[in-house]
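Structure record follows, encoded as structure tokens.
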Amino acid sequence: MRYDFSAIERKWQARWADRETFATGTDQDKPKYYVLDMFPYPSGSGLHVGHLEGYTATDIIARFKRSRGFNVLHPMGWDAFGLPAEQFAIRTGTHPRLTTEKNVSSFRETLKSMGFSYDWGREVNTTDPGYFKWTQWIFLKLYEMGLAYVSEVDVNWCEELKVVLANEEVDEKLADGYTVVRRPLRQWVLKITAYAERLIEDLEGLDWPENVKQMQRNWIGRSEGVEIDFELRCHGTNLKVYTTRPDTLFGATYLVISPEHPMAEKLAVARQLTEVKAYIERAKLKTELERTGLQKEKSGVFTGSYAINPANGEALPVWISDFVLTSYGTGAIMSVPAHDSRDWEFAKKFGLPIREVVKSPHDVQEAVFEGKESVSVNSSNDEVSIDGLTFGTAFDRMATWLESKGRGKRKVNYKLRDWVFSRQRYWGEPIPIRHYEDGTMRPEPSLPLTLPEVEAYQPTSTGESPLANIDEWLYGSDEHGKFRRETNTMPQWAGSCWYYLRFIDPQNAEKLIDPARERYWMNVDLYIGGAEHAVLHLLYSRFWHKVLFDLGVVSTKEPFQRLFNQGMILGEDNEKMSKSRGNVIPADHVLNAYGADAVRLYEMFLGPLEQVKPWNTNGIEGISRFLGKVWRLVFPENETTPRVTDEKPAEAVVKRLHKAIRKIGDDTDLLKFNTAISEMMVLVNELHKAGCYSREAVETVLLLLAPYAPHIAEELWQVLGHDASISGAAWPVFDPGLAKDDVVTIAVQVNGKLRGTFDAPVESTKEELLREAKQVESVVKFLEGQAIVKEIVVPGKLVNFAVKPL
RNA sequence: GCCAAAGUGGCGGAACUGGUAGACGCGCUGGACUCAAAAUCCAGUGGGUGCAAGCUCGUGUGGGUUCGAGUCCCACCUUUGGUACCA
């Protein structure tokens with residue numbers, strides 16, 4: 001009987017669906033395992049082989065854990081709000097809901113034809129009102145807790161199109177010849193900074209790749225410093241700067257404020273006013289990209305004003321420059337050119353003095369010295385001296401002195417900024433807030449607040465979302481008076497911030513999640529997705545989770561216990577898969593040609609899961625051949641009767657089986673699927689070679705293979721007389737005694753070079769191995785006429801003789 | 001520039017805490033079966049040298065530690081990902 005993968009795969013997929021084979025177990029006495037994929041945005045271009053990599057990995061784990069007695073939660077859903085469907089709507093008038101529905105069913109079909117064991121009864125969709133009701137509910141909680149507020153925020157504004165652009169759209173539009181300016185707009189902002197400390201601290205207990213944790217720490221960017229008040233000469237006020245190097249205060253030779261600083265114009269003396277105003281105007285026109293990325297050369301203008309250095313009473317000129325950011329610290333800095341590379345460049349360009357205050361190995365006029373390990377010099381006044389001290393103590397003494405003088409205050413700063421949470425778009429969750437005529441805001445009294453139908457999806461000319469055009473939806477009145485609804489919608493991040501919770505209790509109309517279920521299933525035991533989400537999605541999600549923890553909605557501090565980033569699969573040309581390169585391998589294409597089992601195995605056989613690796617369609621032939629060999633364990637070529645016998649397999653075969661059970665189980669646990677598959681190949685080859693077709697051997701192979709290639713495993717399992725699905729069968733257990741080798745090959749080296757080998761029982765003593773090694777024929781001639789200086793024996797591995805000529 | 005990861009045959013990759021480099025698969029070469037092909041099976045396959053047993057070189061480059069280094073240390077080169085003046 002031929003191995004007809006497409007008939008077999010169709011048969012089992014239909015059967016699994018009919019029998020709800022993969023419905024999540026409810027027996028709470030069993031241990032649980034929650035294995036989750038980063039759910040996809042259902043795009044119009046469909047799934048390609050790269051998308052399937054992570055999903056295959058989680059499916060193998062899901063099936064593996066089931067066979068080891070766990071209740072497994074393995075769900076799938078759709079992150080379906082988002083820009084592409086809206087842009088398509090703007091071009092064609094097609095409602096984003098229709099586009100989304102179409103794409104979702106195409107995605108679902110492809111995933112089903114991969115044989116993934118998702119519990120489809122738990123599918124969620126972020127655009128479903130029953131889902132986003134709770135996204136809105138969380139928003140209102142944030143609002144009640146004072147964590148959501150309205151603020152004027154600079155956005156990328158495209159004058160011609162009258163729209164706000166996402167950062168990634170800016171380049172594209174500029175290339176198309178549009179102008180983009182920074183312009184303040186009323187926005188909802190979430191106070192993620194209030195959680196900065198906890199977001200850093202709680203990384204500690206997570207099983208995440210160290211580099212992802214590091215990236216999150218860097219993004220949050222905690223720094224300890226001092227805010228110092230500089231008295232302004234002739235102004236009667238102070239200028240507050242933030243520094244992490246109060247130990248270099250004696251080396252400050254000028255101050256710099258950002259062009260947007262409230263004092264910028266006030267500080268300009270009459271003679272400098274025109275120049276200062278022009279500089280501020282120019283800065284306004286620059287986009288963030290121009291101010292940061294492209295511009296290496298420092299620019300700036302002198303205000304004409306001076307501030308007094310509290311440490312030594314010197315008058316320091318105050319400059320304006322756009323390399324100082326308004327949004328960080330106080331928007332003003334003290335410059336210590338000798339010990340900060342940016343300050344050094346600026347000082348060189350504008351001829352400002354450079355003074356060494358930390359002992360430097362070279363002349364600071366020639367090059368900057370930023371090291372913290374040297375001692376301070378030239379740093380003392382009548383009240384304080386830090387000369388001879390290194391960074392830590394110098395910092396402390398200066399901070400204490402400044403505090404005692406009332407000129408400074410220790411301060412912890414974060415790079416992390418509050419999260420701009422509104423979008424001027426149609427296709428997103430409406431922000432459920434009413435604005436009343438008296439200027440007050442109140443939450444919508446009943447959720448969900450759904451999207452109205454609109455005629456046009458273009459934003460309005462004022463920059464508001466299309467919702468601002470729908471009067472019936474927009475205006476209303478209640479006991480508090482007339483109101484206008486909020487026209488901003490939420491960003492795509494919103495729905496993906498908490499979806500892992502809804503999978504636990506997807507239909508609950510009363511609550512976001514049932515507490516008992518939450519306690520059983522949380523947290524997520526394994527979360528697999530692309531490294532591109534290492535910072536934002538995971539940080540936002542952790543933030544919301546902590547808020548929900550504070551509200552008592554969830555019982556864990558963190559949502560995702562173990563995180564794994566799969567590496568990208570490149571096109572056959574070793575380039576990132578993209579439409580424009582034309583190197584995309586569509587999932588359906590390879591599925592039709594080779595079948596789900598082959599694609600699943602090949603995706604995993606390609607290389608380590610975390611590694612970036614190119615696709616090569618030719619290589620899948622080897623997997624097809626392997627599956628053929630598995631099939632022929634049961635059905636010999638051109639025969640329709642199974643050849644499996646009930647004979648007990650030979651001792652050597654039994655040992656081989658136990659070794660394979662151990663190796664494949666260990667590798668699967670560690671997500672080392674490529675080597676697990678290699679072991680299966682070796683095992684199957686050896687069974688054929690040994691002519692062993694005993695039931696015990698063949699069934700073991702099927703059980704080991706089942707998480708990886710479930711369709712063929714089910715089919716042959718049934719052929720061998722089992723009525724129940726192999727997915728309910730237990731993972732085989734190995735006997736450590738049998739999984740061990742009795743005889744090992746010992747390598748014999750002379751001066752570290754391999755000169756021969758011999759077989760020996762594993763338990764051989766060092767003396768036995770030495771005696772044996774000296775008699776190996778190919779070794780003898782290398783020992784002749786040599787004095788053995790040293791004998792090294794590694795039991796079970798090798799013997800090495802270090803020799804010298806006599 | 002900075003941070004992170006990685007460089008192993010023609011290709012994807014394997015090698016436990018330093019211990020026989022190249023498992024497994026692709027490709028290629030030769031052979032069996034066949035009228036022929038497909039499928040399948042068998043043998044070979046890092047470079048050099050040799051009839052051969054073998055010898056020798058070999059894990060990005062150059063040094064080092066060690067009886068022994070793909071693995072550890074130092075310097076450098078290259079690639080990929082992240083990031084963009086955070087005081």
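A, B, ... follow the sequence lines: proteins, then strands. Residue 1 opens every chain. Computed over heavy atoms, backbone and side chain alike; hydrogens, waters and symmetry mates excluded.
- Across the protein-nucleic acid pair, A/Phe758 atom CZ and B/rG19 atom C1' stand 14 Å apart, rounded to whole Å.
- Rounded to whole angstrom, the span from the CD atom of A/Gln216 across to the C1' atom of B/rG82 amounts to 13 Å.
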Review point. In B/S/- notation, 5' to 3', how is nucleotides 36-52 of chain B contacted by protein heavy atoms closer than 4.0 Å?
Key: ---SSS-----------
Mind listing the N/O atom pairs, protein and nucleotides 53-58 of chain B, below 3.5 Å?
{"residue": "B/rU56", "atom": "OP2", "partner": "A/Arg755", "partner atom": "NH1", "Å": "2.9"}

Check your understanding: So what's the dot-bracket for RNA chain B: Watson-Crick or G-U pairs under 3.5 Å, [ ] if a pair crosses, | if it pairs off-strand?
Key -> (((((((..(((......[....)))((((((.......))))))((((....))))..(((((..]....))))))))))))....
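- The residue A/Asn685 sits close only to the backbone: its heavy atoms come under 4.0 Å of sugar-phosphate atoms, none of a base.
- Across all strands, A/Thr757 comes closer than 4.0 Å to base atoms (heavy-atom distances).
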Would you tabulate the pairs of protein nitrogen or oxygen atoms and nucleotide nitrogen or oxygen atoms of nucleotides 11-14 of chain B closer than 3.5 angstrom?
{"residue": "B/rG12", "atom": "O2'", "partner": "A/Leu606", "partner atom": "O", "Å": "2.6"}
{"residue": "B/rG13", "atom": "OP1", "partner": "A/Gln611", "partner atom": "OE1", "Å": "3.3"}
{"residue": "B/rA14", "atom": "OP1", "partner": "A/Asn674", "partner atom": "ND2", "Å": "3.0"}

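- For the side-chain hydrogen bond (donor to acceptor under 3.5 Å, both in side chains) test, residues two or more places apart in sequence or in another chain that qualify with A/Asn583 are A/Asp573.
- Within the nucleic acid shown, A/Val794 comes within 4.0 Å of at least one base atom, counting heavy atoms only.
- Distances from the side chain of A/Met681 to the nucleotides B/rG25, B/rG19, B/rA87 place B/rG25 closest.
- Taking the P atom of each, B/rC77 and B/rG12 are spaced 25 Å apart, rounded to whole Å.
- Rounding to whole angstrom units, CZ of residue A/Phe626 and P of B/rC26 are separated by 12 Å.
- B/rG19 and B/rC73: their P atoms are spaced 15 Å apart (whole Å).
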Protein-nucleotides 66-71 of chain B N/O pairs closer than 3.5 Å?
{"residue": "B/rC67", "atom": "O2", "partner": "A/Asn800", "partner atom": "ND2", "Å": "2.4"}

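- Aromatic ring pairs are classed by plane angle as parallel below 30°, tilted from 30° to 60° and perpendicular above 60°; the pair A/Tyr708 and A/Phe673 is perpendicular.
- Rounded to the nearest Å, the gap between the P atom of B/rA5 and that of B/rC74 is 14 Å.
- Looking at the side chain of A/Val324, the nearest of the listed nucleotides B/rG25, B/rG19, B/rA87 is B/rA87.
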